[in-house]
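Let me begin by presenting the structure, written as structure tokens, before commenting on it.
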Amino acid sequence: MSPRRSPGVLEAEILTVLHEASGALSPGEVRGLLGDKGGGELSYSAVVTTLSRLYDKGIVTRERSGRAYRYATPADPSGLVAWRMSRLLDAEADHAPVLTHFISGLSTGDEELVRRLLLREDGNGT
């Protein structure tokens, strides 16, 4: 029996499989590809449950295929990167030190972009 995954690891593994795929995948196809990558023996229901949760969070899309669904990541990879960043941030109880280190490591241009985006969110319209 393989060791239990940490929270969020299966989601990240599934997202990687979907991102690398050339099109939408069924849960069975996702399960098979995870096994090919050394993902261990997963139950079909664990994959379906995880895909459904990712869909409910708006992280993946799905389309009806017969009685089941086929899942894909959005065409915009920035959404996947943003989701991964959020997962990393959620792993820390105190977000302030993490965000402080992140911001201090940005280039001057990226730091200015963050400022402009935050000001726009505050309704200042800049």
Side-chain angles (χ1 to χ4, degrees):
M1 186 167 150
S2 59
R4 186 171 176 90
R5 288 171 171 80
S6 299
V9 171
L10 181 56
E11 287 182 345
E13 290 173 355
I14 287 175
L15 284 171
T16 299
V17 165
L18 290 174
H19 185 68
E20 293 173 351
S22 59
L25 299 175
S26 70
E29 292 168 329
V30 170
R31 182 176 179 253
L33 290 169
L34 285 170
D36 292 347
K37 290 180 177 267
E41 195 62 33
L42 282 171
S43 71
Y44 180 82
S45 63
V47 174
V48 169
T49 299
T50 304
L51 285 166
S52 295
R53 288 179 179 162
L54 289 169
Y55 174 78
D56 290 342
K57 294 176 185 179
I59 299 165
V60 299
T61 60
R62 72 180 181 193
E63 59 189 41
R64 178 72 74 178
S65 179
R67 295 185 322 168
Y69 290 104
R70 298 182 69 75
Y71 294 84
T73 56
D76 178 16
S78 63
L80 182 56
V81 171
W83 178 81
R84 286 182 171 152
M85 290 170 65
S86 291
R87 292 293 300 178
L88 290 170
L89 184 61
D90 288 345
E92 297 297 321
D94 187 359
H95 293 186
V98 176
L99 291 171
T100 300
H101 286 291
F102 177 74
I103 296 294
S104 67
L106 293 175
S107 68
T108 303
D110 285 343
E111 190 176 338
E112 182 56 36
L113 175 60
V114 169
R115 277 194 185 96
R116 285 196 315 266
L117 291 170
L118 290 172
L119 289 173
R120 188 176 316 140
E121 287 295 316
D122 287 342
N124 293 334
T126 53

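We count residues from 1, following the sequence as given.
- Under the side chain to side chain contact (heavy atoms under 4.5 Å, CB included) criterion, S43 pairs with S45, A46, not counting sequence neighbours.
- The side-chain contact (heavy atoms from CB on, under 4.5 Å) with L54 is formed by just one residue from the set T73, I59, T61; it is I59.
- Judged as a salt bridge (charged side-chain N to carboxylate O under 4.0 Å, His left out), and not counting sequence neighbours, the contacts of E111 are R115.
- When each of I14, T50, L42 is tested with V30 by the rule side-chain contact (heavy atoms from CB on, under 4.5 Å), just one qualifies, namely I14.
- Hydrophobic cluster of V98: the remaining members, joined at side-chain heavy-atom separations below 4.5 Å, are L89, L99, listed by chain and number.
- Taken to the nearest 0.5 Å, the CD atom of E112 stands 10.0 Å off from the CG atom of L117.
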Passes side-chain contact (heavy atoms from CB on, under 4.5 Å), S65 versus Y71? Steps please. CA-CA 10 Å; S65 179; Y71 294 84; over 6 Å; no
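- Heavy atoms only, all atoms of each residue included: G28 and Y44 are closest at N-CE1, 3.5 Å.
- Among residue pairs with one or both ends in residues 65-74, those qualifying as salt bridge (Lys or Arg N to Asp or Glu O under 4.0 Å) are E29-R70; sequence neighbours excluded.
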Report, one line per pair, each donor and acceptor closer than 3.5 Å where one atom sits in a side chain of residues 15-24; sequence neighbours left out.
residue: T16; atom: OG1; partner: A12; partner atom: O; Å: 3.0
residue: T16; atom: OG1; partner: R84; partner atom: NH2; Å: 3.0
residue: E20; atom: OE1; partner: K37; partner atom: NZ; Å: 2.6

Does L34 form a side-chain contact (heavy atoms from CB on, under 4.5 Å) with L10? I'd like the steps, not just the answer. CA-CA 9 Å; L34 285 170; L10 181 56; 4.1 Å; yes
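- Applying the salt bridge (Lys or Arg N to Asp or Glu O under 4.0 Å) test to every pair with at least one member in residues 51-66, sequence neighbours left out, gives these pairs: E11-K57.
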